[in-house]
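Structure first, then comments.
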Amino acid sequence: QMGAPMNKKVITEDMITNKTENGYNLNFDVNKNYTAKTATVNGKTVTYRAYENIVYVAKPVDIAYQTINIYIPEEYFKNKSVGKYNAKTAPIFFPNTVGGYMPGAAGVPGNGRDGKPDASLVALSNGYVVASPGARGRTLEKDGKYTGKAPAVIVDLKAAVRYLRYNDVRMPGRADRIISNGTSAGGAVSALLGATGNNKDYEPYLKEIGALNVRDDIYAVSAYCPITNLDNANTAYEWMFNDVKTYKKIEISMLDYNVERKYTEGTLTDDEILRSNDLKKMFPTYLNSLKLKGKNGKLLTLDENGNGSFKEQIKQYYIDSANVTLKKGTDLSEFEFLTIKNGKVVDLDYDKYVAYMGRQKTPGAFDNVDLSTGENNEFGDETTNNKHFTEYMLEHSTANGTMADKKIIKMMNPMNYVANSKVKYWRIRHGAVDKDTSLAIPAILAIKLENLGKKVDFASPWATPHSGDYDLDELFSWMDKVVA
Ligand code: DHB
């Protein structure tokens, strides 16, 4: 049922709806340049206006990606309401289409690969305004220069938020109720958007592309399987998968969760095993430095072998996950790594569970010695296609690799910014059989946010692989709750 990516529509200059003789008109006009659309969602007809292919900055680098599509329920032009909302109160659903740190064009509501209405269509049926931003990504080139390397993706999303903030008075919906959504790399940048609102680090980049000079903070974050905290993801991966010496790997060009995945099997080489051991050993130092606290207020830590209360917490997420699905009536008797007593999962054999999940990536999973990963490609610059972003891989480079700019590495990691973020509401999901990154990575983000006093809804849904938007009823009831 997997097919071609949905976000690779080619946008050309003649399709841009806000181009004028003197540049791009950044003043939104509800009465112009829209098409009326209808769709059916759960048997209900949804009527909305589609404002598409709007360039959201004055000096775009790539008009195929620096555009936003905006969809507004028709009722809001007739003083009517949809569900809980009206033109004044409607939140803005802000889903990006980024996958694999590739370029992601502005999204179009429709039916997903499963034939069901996607998140944007469901959002419209629930009375949300939908604003789907495009953003540049790691493979873009123009005049012999790379134009979409980090931090382009986050700079573009911020510029799109600024467009909505600036046009709040001209548009139904509340720009102070923007809820970002994304999956995988898109989940990572959704979290990054929430973490970095109005932060000065991004200002020079925003200026350069002619972003509007207004705030770019959002209201809430939804992130599915965020491939985030990239500079610590190598060590987290080996902390979890060190014992697993065989792998089923996907091609780097197919990292993007949007596209069909083909797996090749293999066994770690001696070199890779040595690297895995080194990386695994490095993780506890990082984890302990965070001084994360569990629900009981006690520090979550790891000893030099990688054991301790943090590992117990990770195991607990999997146990909680199994219990949620067991309660719904799923038969879990086939899983011998579970101990079920009186209709409750009371234990999980962690090592067996990790072996059952299996390894998908070889060490380093995100920054590799040969600069072969999508993330190495993301951290390239205008003239260098791939770069390292960890000291260990720089030292062990087999490709004469150079290091990405420290400031840019910092700017791509929400962990460096969450303490200054005003965003209160976070919903983070990472499937219980997702091995694109270690569960430790989204867990660290979620726990850090909880420790900062945020309202965090974090879970690892049972038997769920690397994917997103699979629980739209729950997602929208969470959104309705947090905007109220
Ligand atoms: C995605 C998947 C990965 O495994 C990764 O390293 C980066 C991005 C993705 O599906 O977006």
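In this chain, residues are counted from 1 in sequence order. Order of appearance sets the numbers: ligands from 1, and atoms from 1 within every ligand.
Distances between N or O atoms of Ser184 and those of ligand 1 include at least one value under 3.5 Å. Taking only nitrogen or oxygen atoms, main chain and side chain alike, Asp436 reaches within less than 3.5 Å of ligand 1. Distances between N or O atoms of Leu255 and those of ligand 1 include at least one value under 3.5 Å. When only interatomic distances are considered, the shortest N/O to N/O separation between Ala185 and ligand 1 falls below 3.5 Å. Polar contact with ligand 1: present for Glu375 (N/O pair, distance under 3.5 Å).
More than 12 heavy atoms of other shown residues, nucleotides or ligands fall within 6.0 angstrom of atom CD in Glu13.
Qualifying side chain to side chain contact (heavy atoms under 4.5 Å, CB included) partners for Thr330, counting only residues two or more places apart in sequence or in other chains: Thr325, Leu332. Scanning for side chain to side chain donor-acceptor pair (under 3.5 Å) contacts around Thr269 gives Glu272, with sequence neighbours left out.
Per-residue contacts place His466 under 4.0 angstrom from the following atoms of ligand 1 (heavy atoms of the residue considered): 1 (C), 2 (C), 9 (C), 10 (O). The atoms of ligand 1 that sit less than 4.0 Å from any heavy atom of Gly99 are 11 (O). Per-residue contacts place Phe366 under 4.0 angstrom from the following atoms of ligand 1 (heavy atoms of the residue considered): 6 (O).
Counting all heavy atoms, side chain and backbone alike, Val433 lies closest to Pro465 at CG2-N, 3.7 Å.
Remark: the backbone N or O of Thr147 is paired with a side-chain donor or acceptor of Arg136 at under 3.5 angstrom.
Ligand 1 has Lys361 within reach: a non-hydrogen atom of the residue lies less than 4.0 Å from it.
Ion pairing between a basic and an acidic side chain is recognised when a charged N comes within 4.0 Å of a carboxylate O; Asp231 and Lys410 show no such pairing. Ion pairing between Arg359 and Glu238 holds under the 4.0 Å rule for side-chain N and carboxylate O.
The option from Gly104, Gly100, Ala188 that lies nearest to atom 11 (O) of ligand 1, judged by heavy atoms, is Gly100.
Each of Arg162, Arg165, Lys422 was compared with Asp217 under the salt bridge (Lys or Arg N to Asp or Glu O under 4.0 Å) criterion, and only Arg165 meets it.
Here Asp256 has backbone heavy atoms under 4.0 Å from ligand 1, and that is the only part of it that gets that close.
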